[in-house]
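Lettering of chains follows the sequences in order, A, B, ..., and the numbering in each one begins at 1. Bear in mind that the values here come from a model prediction, so they are computed numbers and not experimental data.
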Amino acid sequence: MIDREAKAAIVAIYIVMLLVASPPTIPFMSGDDYYSLAILNHECKLGGYIVTYYQGSTARYCVYIANHAKDSKILQARIILADANETASIGNYTVLLLPETNATFHVSIPLNNPGNYTLAVKLYILEDTKWEDTGLQANLTLTVYRGPGSP
Amino acid sequence: MIYRKLGSIILLIAMITSNMVIIASTQQIGQDESISHVKTIADLLNEPYKDNFETGEITDIVDKVNKILLTGNVSETSLEELVAKAEEINQEYRDARPLIIASKYAKILILAISPIILYFSLDAIPCAIYKILMRRRKQ
């Protein structure tokens, strides 16, 4: 026979292990909704970003979006290229993401004029019939030099 | 009295300002049919995916939707086909739903009663082994 204290200890350890292991099994024990956004390099990896270009070249990056909400969401990444004078929209990329899934896609940015630019990616979410800003934004500073053959 | 009036004016201004901020931060979507199709697909597949029903087929539909959205080759027919597929999965899920819910609650029930079973089996199992051993020794 196992004595009472040992039995209580075994059951207590088992309950703790159960509580640690059960959140993925029990659906209502999940956390808050949140989303992720990141700019990745041309190989769709973190780091090693090319940020200097010649005029007339095309910058290539990847954008990573993840949905950590409990429901499927329609998310939109809005790519903006801004310099000191003006802001240009490069494009809007919309994806449907199931809970705990992500998407990565390539973006190409034509760089026609020399100068310093900020590449900004903003994340929007479709709520009912409106696009709402999630508040998430990823930035990258680019420098475009006058090309060797350019005037 | 003056403070009360002043307070209500400040509150009113704050409410108007916050509403203006909300309006400014949201953009009305136009009559975009493709987005409404995508939204329908999202709504239809949400519950089945959360209950791990036909996950492979669901991810396949979502991949196709995203391919259409990202490449910009949005054709109404292809999206309508995907909506039809999503509806099919949703219907299958609704038919199987009572069983899925029963298995979900059974899982929770097993998790809840397992410490009690363990508590009693801690005594019962060594006891049973001891009895078997004693019986063999007697023989």
If every non-hydrogen atom of Leu69(B) is compared with every non-hydrogen atom of Leu96(A), which pair is closest and at what distance?
-> CD1-N, 4.3 Å
Of all heavy-atom pairs between Lys50(B) and Asp71(A), which one has the smallest distance, and what is that distance?
-> NZ-OD1, 2.8 Å
Are the side chains of Ile35(B) and Trp131(A) in touch, meaning some heavy atoms are under 4.5 Å apart?
-> yes
How far apart are the closest heavy atoms of Ser114(B) and Tyr14(A), and which atoms are they?
-> OG-OH, 2.9 Å
With a 4.5 Å limit on heavy-atom distance, are the side chains of Ser36(B) and Thr129(A) in contact?
-> no
The reported gap from OG1 in Thr101(A) to CD1 in Ile58(B) (rounded to nearest 0.5 angstrom) is 11.5 Å
Region of Tyr119(B) that comes under 4.5 Å of a non-hydrogen atom in chain A = both
So what's closer than 4.5 Å to chain B heavy atoms on Ile74(A): side chain, backbone, both or neither?
-> side chain
Any idea which heavy atoms bring Asn46(B) and Lys70(A) closest together, and the distance?
-> OD1-O, 4.4 Å
Among the clusters formed by ILVMFWY side chains lying less than 4.5 Å apart, do Leu46(A) and Leu136(A) turn up in the same one?
-> yes
Out of curiosity, does Leu75(A) fall in the hydrophobic cluster containing Tyr34(A) (side-chain heavy atoms, cut-off under 4.5 Å, transitive links)?
-> no
Determine the option with the most heavy-atom pairs under 4.5 angstrom with chain A, choosing from Val62(B), Asp63(B), Val65(B).
-> Val62(B)
Taking everything shown except Leu99(B) itself, do over 12 heavy atoms lie less than 6.0 Å from its CG?
-> no
Can you tell if the side chain of Ser72(A) reaches within under 4.5 Å of the side chain of Leu45(B), non-hydrogen atoms only?
-> no
Same apolar cluster (I L V M F W Y, side chains within < 4.5 Å links), Leu109(B)/Ile101(B) | no
Under 4.5 Å between side-chain heavy atoms, hopping through other hydrophobics if needed: is there a path connecting Leu97(A) to Leu82(B)?
-> no
Top residue by heavy-atom pair count (under 4.5 Å) with chain A, among Leu70(B), Leu118(B), Ile116(B)?
-> Leu70(B)
State yes or no: do Ile65(A) and Tyr49(A) share one hydrophobic cluster built from I, L, V, M, F, W and Y residues joined by side-chain heavy-atom distances below 4.5 Å, directly or via other members?
-> yes
